[in-house]
Amino acid sequence: MTMLARSHSIRYKLMMVVLATTLTALLVMAAAMVIYDARTYKREWVSDLMTQANIIGISSVAALSFDDRKAAAENLSTLKLRPQILGAAIYTARGALFATYAKDGAPAAAVPTLPQGDGYDIDGDEIVVFKRIADDKEILGTVYLRARYALFARIGSYASILAAVITLCLVVALAVSFWLNAVVTKPILAITALTRKVREGRDFTLRADRTTDDEIGYLADGFNDMLAEIGQREKVMADANRSLAEQVEERAAAAAALRASEERNRLLIAAMTSVVCTTDARGRFAVPQPSWSAYTGQSADASIGLGWHGMVHAEDRTALELAFARGTVDAARFDLELRVFHAASGTHRHAALRVVPFQDPQGAIAEWIATLTDIHDQRVAEIELTRLNTELESRVARRTSELEAANKELESFSYSVSHDLRAPVRAIAGFSRMLYEDHSNALGGEGLRKLDIVQGEAKRMGMLIDDLLAFSRLGRKPLDLAELDIEALVRSLLERTLAHHEGPRPDVRIGALPKALADRSLLEQVWANLLSNALKYSSKRAAPVIEIAAISEERDHVYFVRDNGAGFDPRYKAKLFGVFQRLHDAGEFPGTGVGLALVHRIVARHGGRVWADGEPDKGATFYFTLPKEPSDDGR
Amino acid sequence: MPIRPHPDVRRRGLAPLWLLLACWVLFGAAPRDVAAQPGIDAATAERRVKAAFLYRFVDYVEWPEAAFASAAAPVVIAVVGDDRLADELLRIVAGRTAGARPFTIRKLGGDVPATVGVHVLFMAGEGGRHPTVAAAAPVLVVGEADGALERGYTINFVLVDEHVRFDVSLGDADRRSLKLSSRLLAVAHDVVPAP
């Protein structure tokens, strides 16, 4: 049916519709009629037989009353007039058979020996009816009838009549559908033929004739409009095609330029020493990565997917996967250092991996672009450097501890020496004074002069020993740090020093001196040494000038003392702060050569530095620093 | 064989039908094949059939209105010369009516008793010439003797093949102004037409 519906013309379909509709309607009607007739037949036939039985019964009342079987039989024999009735019987009130009847030639069916209550029963093509006979007083007997029940024969004849009628109707319907074809399908077929012509000839100037005023006429109008519209479109399309062709040429030129650009990029990548690869959104190689394969020697097939992880050092793979996972979450570029197998050297080499996400317009990661840079040599060098540094540090520490031990020894030695030296020096000083007081007359002028020298040298020796003791004690005494008002300290020291000063009064200029954290007695020694030095070495000037000031640096206060005195030869700068190191003759400028060593030592213990600038006869500047914050070691 | 009740019957229901049947069995009705009943002699059987016929005749005979005193007046059946038949008849009519009329049974002796107000008169045996028989009174006179019809009887019982039958005299019925139902005539053994 579907095939028919698809392949046949509308004419054929219309005909089939008419026939199918007609046939369906007729069949439904025929079925309804047959069913109705069957029901009616049964109802009427039963009713008819009951009436017949009743008539027989009533006419047999007298015969039953007066026991006249002959009369009853005669009554029954009137049923000959009803050929459908095959047999009959009358029973007495007590149920005994009273009279019977059988149609001539009918098969003798046994009459039931006992009657039954009023009613009927259909058995195949026969029907049996029982009917009681009663007058107004009592039951007199029962009538029994057996008759044909020709329902199927009736339905059969009915069906044949209906079949004939249906056939006739279909013939008429066929004729009607032929007529309908002429009316309905002809205009449609005309349009169809026109369509074919338009399609084959691409001639959009053709037009359909409007022959009817119904939907088909409307269809023809619509078709004509459509043809006109298509003709118009065709023209527009041709124009569009032309402009499109021009655009295509432009595109081709652009594409060629793009290809050239891509080729350049490709060459650039190939020329790079770094490995460049692209992965999909999940970090897998989707296509062969020639630079990766070249570096690692891994075949393209083996590296596809996550296969390339196999070339990464086993200890670095977890970090790689973690970094990719984090990068995927953040959608951000990441860097990672790992070891990758290098085919040429046959070892794992340190490499820096940089992975950059390439995002589509929606912001989702489309792919990753990874660059791998071999930093193996650099990394190896760093490691070596670190190793060397460590070695050096340990060597320095060893040396330092050796040095400290030597220093300690030296300190205790110089302490004991100084201490032990004091007694003889005092003895010399004491005895030479006693000699001077008791025997000065006996000595004479020359003797007194030499004794004077002995006394002076003994005194100097005593001072030297005191200084040495003070110097060596420094190593033992812990610092007693307190915030000191440096300016007040300097002014009081300067006052005391100037009180014993001989020579021209210097011009002392004191700038701002910030407070500092230091041990008061030790810092007093520092300032006392520097101030006395400045006074001492500038005392030979006609107008000595001493400047005292400070500069605050980031971490330290830098204090300095500047004079316009003798200065020093910068070549010997390094020796300035050594013990017993003197740049000037003791006769010219008296001193033990311990002062600056002491200064150096004290400042160093405070975590500061000390240095000096100077030129001969142009004065000198001594600097020392104190940290703003107390140093950790607290030396 | 199951029997479907006719729609009419179904509508009425079966209970009244069965009740009727039960009554009939209890009280008994006219035995029709009494001769065949075992344990009963032929004379008794014959008497029972005749009693039943006498009762039944009432349905097929129409009396002139003057024969009854009122619409509810009883139908009087007189039996002459056979008390046992009269007893049988009493038993049959017990509780029964003819339309609105009850039955009255009278036993009369062989000598001539009064028969005024009788509607059915049965003369047993030879019967003889009874005054009522001779008169033109509207009484259905029934006899059981040969040639009774010639003697002014309306119906006469005869035995045909050991079955009780009856002959009818239409002339006698006319004389007595009795109308006999054609159905009665249809089942009569012989009908003597009016002269």
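Labels below follow one simple rule: chain letters A, B, ... track the order of the sequence lines, proteins then strands, and each chain is numbered from 1.
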Peer 1: Checking A:R82 now: which residues fulfil side chain to side chain donor-acceptor pair (under 3.5 Å) with it, not counting sequence neighbours?
Peer 2: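 Scan of A:R82 (side chain to side chain donor-acceptor pair (under 3.5 Å), adjacent residues dropped) gives A:D48, A:Q52.
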Peer 1: Would one find more than 12 heavy atoms of other residues, nucleotides or ligands at under 6.0 Å from atom CG of B:D146?
Peer 2: no
Peer 1: Is atom CZ of B:R84 surrounded by more than 12 heavy atoms (other residues, nucleotides or ligands) closer than 6.0 Å?
Peer 2: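 For B:R84, atom CZ is not crowded (no more than 12 foreign heavy atoms under 6.0 Å).
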Peer 1: So what's closer than 4.5 Å to chain B heavy atoms on A:A62: side chain, backbone, both or neither?
Peer 2: both
Peer 1: So does A:D68 pair up with B:R165, basic N to acidic O under 4.0 Å?
Peer 2: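 Looking at B:R165 together with A:D68, the answer is yes, because their closest N to O distance falls below 4.0 Å.
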Peer 1: For side chain to side chain contact (heavy atoms under 4.5 Å, CB included), just list the numbers for B:V164 and A:F66, CA-CA rounded to whole Å, side-chain angles, deciding distance to a tenth of an Å, and then say yes or no.
Peer 2: CA-CA 9 Å; B:V164 177; A:F66 299 107; over 6 Å; no
Peer 1: Evaluate the side-chain proximity of B:Y60 to A:S65: yes if any heavy-atom separation is below 4.5 Å, no if none is.
Peer 2: yes
Peer 1: Would you name the heavy atoms of A:V61 and B:R183 that are closest together and state the gap between them?
Peer 2: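 Closest approach of A:V61 to B:R183, heavy atoms only: CB-NH1, 3.9 Å.
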Peer 1: Show the nearest heavy-atom pair for residues B:A186 and A:A71, with the distance to one decimal.
Peer 2: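 Answer, listing the atom of B:A186 first, then A:A71: O-CB, 4.5 Å.
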Peer 1: Nearest 0.5 angstrom please: B:R96 CZ to A:E138 CD, how far?
Peer 2: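 Output value for this atom pair is 4.5 Å.
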Peer 1: Please name all residues satisfying side chain to side chain donor-acceptor pair (under 3.5 Å) with B:N156, sequence neighbours left out, ordered by chain then number.
Peer 2: none
